[in-house]
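Because the structure is a prediction, the values reported are computed rather than measured. The chains referred to below are lettered A, B, ... by the order of the sequence lines, with proteins before strands, and numbering in each begins at 1.
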Amino acid sequence: MISAERLQQIAPWSRPLGEAELERVRAGLSERLVPAGATICRQGEQFEPWAGVISGLVKLRTLSRDGKEVTLSGVHGGGWFGEGSVIKHEPRRYDLIALRETRLALLDRPTFLWLFEHSAAFNRFLIGQLNERLGQFMALLENDRKLEPTARVARDIASMFNPVLYPEVGRHLKLTQEELGLLVGLSRPTTNQALKALEGRGLLRVEHGGITVLDLGGLRRCGE
DNA sequence: ACATTAAATTCGA
DNA sequence: TCGAATTTAATGT
């Protein structure tokens with residue numbers, strides 16, 4: 001059973017829950033440390049719990065027929081994912097891979113379902129989460145069709161700093177240009193050029209193995 | 001695709 | 001356990 005303080009740290013969504021609910025969550029939640037590069041779950045496998053990223057970064061990806069990798073999304077500190085699969089009780093649609101050492105919080109399925117049935121506060125959170133994600137995917141589609149590469153990279157980075165989905169991410173993003181390219185759907189050289197351009201506009205700083213965001217609003221408005 | 005540079009790892013004291 | 005040397009990984013063009 002994890003402590004009440006720990007619960008606050010790793011699951012911000014639990015704050016508005018009542019006493020009895022909190023008690024259950026504390027009993028149903030566990031932590032797991034995943035080494036860099038490890039696979040958490042493969043496409044097609046059953047993975048029962050609902051997962052949150054406490055620290056680190058998890059990539060959701062799938063392989064195309066000819067073995068090319070397609071990255072769908074990156075989830076980092078404060079992000080929770082997979083509620084779709086948990087609710088439907090179906091196999092995971094994507095590989096889950098820890099891009100670097102990652103600490104996961106896992107809420108077992110029975111507890112998740114109990115909250116889903118009994119807690120209005122929890123459902124409010126879930127709706128907010130799904131709504132935010134839907135908005136993000138709509139924006140993503142739009143970007144993909146309308147914007148040139150530099151703006152796409154800018155918006156994709158900005159979306160990783162979404163305060164609703166990822167409440168506790170700092171300004172720094174440790175992610176190689178190659179991984180960023182996979183995430184955005186661009187080649188590494190194109191990604192590199194885009195990053196340089198954004199750096200030139202003073203929106204972010206390019207570092208070895210990562211970037212630091214300097215002007216989040218500016219990134220969001222890119223390409224307008 | 002290649003050249004350059006930064007970071008991580010190994011190895012010897 | 002420290003630092004130099006080597007290897008590996010990431011970046012820039």
Side-chain angles (χ1 to χ4, degrees), chain A residues 31-43 51-79 81 92 94-105 136-137 139-140 143-163 165-166 168-224:
Chain A
E31 291 186 36
R32 187 170 136 200
L33 189 65
V34 184
T39 300
I40 297 158
C41 161
R42 261 176 222 296
Q43 183 177 170
V53 177
I54 300 168
S55 65
L57 183 63
V58 174
K59 168 170 81 173
L60 279 66
R61 69 120 196 244
T62 182
L63 296 176
S64 66
R65 191 79 56 81
D66 54 337
K68 274 232 178 83
E69 172 172 340
V70 183
T71 301
L72 279 302
S73 168
V75 183
H76 46 266
F81 61 94
R92 297 292 169 139
Y94 310 110
D95 294 329
L96 300 177
I97 295 170
L99 245 31
R100 47 182 209 263
E101 183 175 87
T102 295
R103 191 170 288 282
L104 283 181
Q136 216 176 49
F137 284 132
L140 204 61
N143 290 350
D144 203 47
R145 308 205 165 157
K146 273 199 333 213
L147 303 177
E148 30 91 39
T150 301
R152 278 172 60 191
V153 171
R155 302 263 186 122
D156 262 45
I157 291 167
S159 78
M160 287 202 238
F161 289 85
N162 179 322
L165 254 24
Y166 307 112
E168 39 213 62
V169 174
R171 312 264 86 184
H172 186 75
L173 184 60
K174 201 173 148 198
L175 188 61
T176 66
Q177 296 180 6
E178 169 136 40
E179 286 294 351
L180 196 53
L182 285 169
L183 214 52
V184 185
L186 296 169
S187 71
R188 191 190 56 78
T190 310
T191 306
N192 176 261
Q193 291 307 312
L195 287 175
K196 289 269 127 192
L198 294 171
E199 184 173 49
R201 289 185 220 168
L203 301 177
L204 53 76
R205 192 165 55 238
V206 178
E207 289 141 17
H208 192 93
I211 57 169
T212 295
V213 173
L214 299 176
D215 179 358
L216 185 52
L219 286 176
R220 287 223 178 84
R221 284 189 302 275
C222 228
E224 268 177 7

**Study point:** Contact pattern, 5' to 3', of nucleotides 8-13 of chain C - B, S or - by protein heavy atom under 4.0 Å
**Key:** --SBBB
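Side-chain N/O atoms of A:Gln43 and A:Thr62 include a donor and acceptor closer than 3.5 Å.
A pairwise comparison of heavy atoms in A:Arg220 and A:Ala158 identifies CG-CB, 3.8 Å as the closest pair. The two residues A:Leu204 and A:Val213 have their closest heavy-atom pair at CB-CA, 4.2 Å. When all heavy atoms of A:Arg155 and A:Gly223 are compared, the closest pair comes out as NH2-C, 4.0 Å.
Rounded to 10 degrees, the angle between the two end axes of the helix from B:dA1-C:dT13 to B:dA13-C:dT1 is 10°, with five pairs used at each end.
Here A:Arg100 does not pair with A:Glu179 in a salt bridge; the nearest charged N to carboxylate O distance is not below 4.0 Å.
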Review point. Passes side chain to side chain contact (heavy atoms under 4.5 Å, CB included), A:Arg221 versus A:Leu203? Steps please.
Key: CA-CA 11 Å; A:Arg221 284 189 302 275; A:Leu203 301 177; over 6 Å; no
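Environment of CD in A:Glu178: sparse, with no more than 12 heavy atoms of neighbouring residues, nucleotides or ligands closer than 6.0 Å.
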